[in-house]
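Positions are given from 1 along the sequence. For clarity, every value in this text was computed on a predicted model and none was experimentally measured.
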Amino acid sequence: MFTGIDEVDWASLRHRYGSAEDVPGWLRALASADTAERATALDGMYGALHHQGRVYDSTLACVPFLLSLVAREEVPDRGGIVELLVAIGAYSADGDPRARAAVCAGGEVFARLAGDPDPAVRRAAAGALVHFVAGPAPVLELLRQRLRAERDDRVLLALTEALALFARRYPAHADAAVDLLAEQSAPPYAPGQRLAALGQLALVAPARLPADLVPTAVRLLRERSAHRARSCEPATDSLVGRIRRLRPSDEEGSRLLRTLHTALGDRVADRGALLGGQLTSPDPMDRCHGVWLAAALLRGWRGDHSGTVRLLGAQLGAEEDWLRDAAVTVLSGLFALAAPAADDLHALVRARPDLWTHRVERGSPVLGGPLKALVRSGDRRAVPALAHLLAGPAAPVDLGGELTHLGAEAAPLAPVLRQRLARIPPASAAAARLAGPLLTAVAAVGDRDAVPEVLRLLSDAPGGPGPRDAFAGQAIAALEALDATAQAVPVLRALLHTRHAAAAAGALWSAQRDATAVLPVLLRELSQGDPDSRPLAASRLARLGPAARPALPALRRAAAGSRPARERVAAACALWGIDADPQPVLPVFRDAWREDPGTRLRIARCLTEMGPAATPLRHLAETELASPRRHAAHPGAGGGQGIAEDEELLSACREVLAAM
């Protein structure tokens with residue numbers, strides 16, 4: 001296995017961490033009789049020789065020895081080594097042709113491994129046949145032979161996936177592979193195999209799918225689950241048995257349905273109907289898979305999901321804690337879209353006060369999932385439980401921030417919020433953690449009686465790092481929301497030379513309407529401020545209207561320059577707010593809408609303000625409303641935008657069209 005390994009100058013070769021002189025030890029450890037030693041060696045090789053898909057000269061030098069290892073039946077855990085070879089040869093980050101050529105040299109090895117006694121090796125070798133065995137005809141024949149001979153369900157699944165890979169890799173020969181997939185999707189094959197074939201057909205040949213795809217898939221799912229239930233060994237009273245009951249696993253079932261959902265893509269109605277079958281299955285594991293696949297659908301695609309959400313709510317009454325917890329996790333990320341499940345959430349909140357909070361190890365308590373989901377749905381029935389928590393000695397640290405989703409419905413909580421705010425020492429280390437969420441909450445409920453406490457926290461706030469500096473921005477925002485900036489003029493003036501200068505200047509304008517005091521500050525922040533303060537300075541300049549005309553040259557430069565899209569959009573919005581000229585504004589919006597989907601909500605709101613002047617960009621709103629995908633689900637959208645923001649964007653686009 002290791003002939004010639006000592007003749008390689010490993011010290012002169014490199015991997016991710018430098019010299020590759022440790023590689024021979026890893027290679028030898030892969031043949032060790034010790035399970036932990038083998039696992040450590042394989043992890044080390046992935047991390048050093050194929051980190052993030054990168055191929056090094058030492059990676060190429062390893063390939064012949066890895067091929068020699070997998071060819072020896074006495075070597076344990078060869079399936080993992082085959083997977084490493086497939087990763088090196090087929091999935092290198094830069095498509096390095098040397099890596100592929102090196103692994104392809106072992107094509108005959110993979111052909112033999114397709115019939116290996118170890119099912120884990122056969123499973124890993126299925127895809128390797130397509131990647132590394134030369135010639136489409138021999139590959140297809142090998143796959144056909146293995147499909148006829150194989151009896152292991154997991155290997156059959158891998159072979160089915162290999163057929164779809166073959167169809168993509170050899171389009172001129174795809175028909176024969178598709179015929180095999182179609183054959184596998186029909187009787188007399190087992191339900192799991194038929195489901196796998198349907199999923200792969202949906203990926204490579206959707207025209208070959210049956211007209212009744214969804215009912216067929218649901219029926220096969222239930223047949224498979226019934227067979228799995230009969231074949232499962234009864235759980236023992238051992239520790240392992242108890243763990244299996246608490247966290248049962250069916251990775252193959254999850255993979256089968258995930259493939260089918262992925263293939264259906266934008267067919268939202270079909271995916272919703274398929275989820276309906278999953279979420280009403282007698283098998284709780286099937287329902288759990290449905291919960292997580294529902295999360296993917298709801299996060300990525302728009303549509304009327306109320307039926308799916310109601311079925312998610314129905315899982316809250318499940319006997320299995322793991323199923324209930326999965327449904328709670330998904331519902332807490334839906335915000336207002338969770339409203340159809342609000343009755344089920346409220347029932348769980350009432351029945352299980354022990355779930356109102358959650359503590360992670362030694363951390364402070366946070367809102368528990370069921371109560372958080374009910375709050376985020378905007379349901380006023382969450383208020384009594386929140387009042388109970390706020391009256392306690394240790395309210396969840398995130399409670400204040402979550403109250404924004406209730407808005408005015410949380411008004412009964414105003415007195416206790418005010419009391420908690422009054423108990424925070426402004427200079428304490430805990431103030432930075434506690435004050436911000438509470439300030440956001442009193443602003444959301446509109447509690448003007450809290451203004452003295454807001455001023456107390458904000459007074460003498462230092463400009464440098466410190467407890468009060470951490471929440472000064474929220475305090476200024478609260479004063480603006482409560483229309484109380486006039487009472488804070490001295491404090492706001494003191495903040496004009498801190499990192500909160502743009503926010504303070506905007507609030508000072510609201511209080512005094514004195515452009516001479518705030519315009520120089522906002523211009524300074526626009527040109528010299530940090531990336532966070534520049535968009536804020538632009539938005540505050542827009543508030544000044546015509547009084548900010550001296551800022552127009554700087555705003556035009558910012559809007560037309562090479563700054564990030566969000567800064568250009570903020571500057572363009574300010575240009576419209578000050579000068580009401582669409583000419584320099586519309587091109588910025590058009591480019592940024594395409595470049596950074598995260599700017600679309602702000603653009604849409606500004607287009608609404610522009611009214612008929614925004615008509616040349618009408619197609620942006622129309623196209624957005626017609627798209628089945630959420631704006632953050634598109635390639636390049638980046639992170640941070642979720643369901644709530646996407647729903648806001650849709651509402652804003654409807655307002656754009658109405659304003660035009």
side-chain hydrogen bond (donor to acceptor under 3.5 Å, both in side chains) pairs touching residues 101-110, sequence neighbours excluded, are none
Which heavy atom of Thr357 sits nearest to which heavy atom of Pro365, and what is that distance? CB-CB, 4.5 Å
Is there a donor-acceptor pair closer than 3.5 Å between any side-chain N or O of Arg376 and the backbone N or O of Ser332? yes
Can you measure from OG1 (Thr259) to CG (Leu198) and round to the nearest 0.5 angstrom? 11.5 Å
Nearest 0.5 angstrom please: Leu203 CG to Leu165 CG, how far? 11.0 Å
Can you see which heavy atom on Pro64 is nearest to which on Leu60, and at what distance? CD-O, 3.6 Å
Within 6.0 angstrom of Asp175 CG, more than 12 heavy atoms from elsewhere: no
Identify the residue among Leu331, Val291, Asp325 that makes a side chain to side chain contact (heavy atoms under 4.5 Å, CB included) with Gln315. Val291
Residue pairs, two or more places apart or on separate chains, that pass side-chain hydrogen bond (donor to acceptor under 3.5 Å, both in side chains) and touch residues 46-64: Arg16-His51
Whether the side chain of Ser12 engages the backbone of Asp9 through a donor-acceptor N/O pair (distance < 3.5 Å, no angle test) should be reported. yes
Do NZ/NE/NH1/NH2 and the carboxylate oxygens of Arg208 and Glu183 come within less than 4.0 Å? no
Are Met45 and Cys62 side-chain neighbours, meaning at least one heavy-atom pair lies under 4.5 Å? yes
Side chain of Arg228, backbone of Glu223: donor and acceptor closer than 3.5 Å? no
Is a side-chain N or O of Arg359 found less than 3.5 angstrom from the main chain of Val366, in a donor-acceptor match? no
Backbone N/O of Pro215 and side chain of Asp212: donor-acceptor pair under 3.5 Å: no
Can you name the residues that form a ring pair (Phe, Tyr, Trp, His ring centres under 6.0 Å) with Phe65, not counting sequence neighbours? none
Before you tell me yes or no, could you show the steps for Leu66 and Leu84 under side chain to side chain contact (heavy atoms under 4.5 Å, CB included), namely the whole-Å CA-CA distance, both residues' side-chain angles and the distance that decides it to 0.1 Å? CA-CA 9 Å; Leu66 294 173; Leu84 175 60; 4.1 Å; yes
Name each donor-acceptor pair under 3.5 Å that joins a side chain in residues 118-129 to protein atoms two or more places apart or in another chain, with its distance.
residue, atom, partner, partner atom, Å
Asp118, OD1, Ala120, N, 2.9
Arg122, NE, Glu150, OE1, 2.8
Arg122, NH1, Asp116, O, 2.8
Arg122, NH1, Pro117, O, 3.2
Arg122, NH2, Glu150, OE2, 2.8

Can you name the closest pair of heavy atoms from Arg287 and Leu279 and give their distance? CD-O, 3.2 Å
Is the backbone of Gly80 close enough, under 3.5 Å, to the side chain of Asp77 for a donor and an acceptor to pair up by distance? no
Donor-acceptor under 3.5 Å (Arg38 side chain, Ser32 main chain): yes
Check the side chains of His289 and Glu251 for a donor-acceptor pair under 3.5 angstrom, ignoring hydrogens and angles. no
Step by step, work out the side chain to side chain contact (heavy atoms under 4.5 Å, CB included) result for Leu312 and Asp344. CA-CA 9 Å; Leu312 288 173; Asp344 294 296; over 6 Å; no
Do the side chains of Arg352 and Arg324 get nearer than 4.5 Å, heavy atoms only? yes
Enumerate the residue pairs fulfilling side-chain hydrogen bond (donor to acceptor under 3.5 Å, both in side chains) with a member in residues 290-313, sequence neighbours excluded, ordered by first and then second residue. Asp266-Trp301, Arg302-Glu624, Arg302-Asp646, Asp304-Ser306
Counting only heavy atoms from other residues, nucleotides and ligands, does the tally under 6.0 Å from CD of Glu74 exceed 12? yes
Quick check, are the ring centers of His131 and Phe166 under 6.0 angstrom apart? no
State, to 0.1 Å, how close Ala205 and Val178 come at their nearest heavy-atom pair, and which atoms those are. CB-CG1, 3.7 Å
Show the numbers, then the answer: is there a side chain to side chain contact (heavy atoms under 4.5 Å, CB included) between Tyr189 and Leu156? CA-CA 11 Å; Tyr189 293 96; Leu156 284 169; over 6 Å; no
Side chains of Gln193 and Asp153: closer than 4.5 Å at any heavy-atom pair? no
To the nearest 0.5 Å, what is the distance between NE2 on His261 and CG on Asp270? 10.5 Å
Strictly below 4.0 Å, N to O, side chains only: are Arg78 and Glu73 in salt-bridge contact? no
Pairing donors with acceptors under 3.5 angstrom, does anything connect the side chains of Thr160 and Gln184? no
At their closest point, which heavy atom of Leu30 faces which heavy atom of Leu42, and how far apart are they? CD2-N, 3.8 Å
For Val268 and Arg271: C-alpha separation, side-chain torsions, deciding distance, then whether side chain to side chain contact (heavy atoms under 4.5 Å, CB included) applies. CA-CA 5 Å; Val268 175; Arg271 293 178 67 182; 5.7 Å; no
With the side chain counted from C-beta on, respond yes when Leu345 and Leu371 share a heavy-atom pair under 4.5 Å apart, and no when they do not. no
Can you name the one residue among Arg154, Arg255, Arg224 that meets salt bridge (charged side-chain N to carboxylate O under 4.0 Å, His left out) with Asp250? Arg224
Name every donor-acceptor pair, under 3.5 Å, that has one atom in a side chain of residues 17-24 and the other anywhere in the protein, sequence neighbours excluded.
residue, atom, partner, partner atom, Å
Ser19, OG, Ala11, O, 3.4
Ser19, OG, Glu21, N, 3.3
Asp22, OD1, His15, NE2, 2.9

Which atoms form the tightest heavy-atom contact between Trp322 and Cys288, and what is the distance? CZ3-CB, 3.6 Å
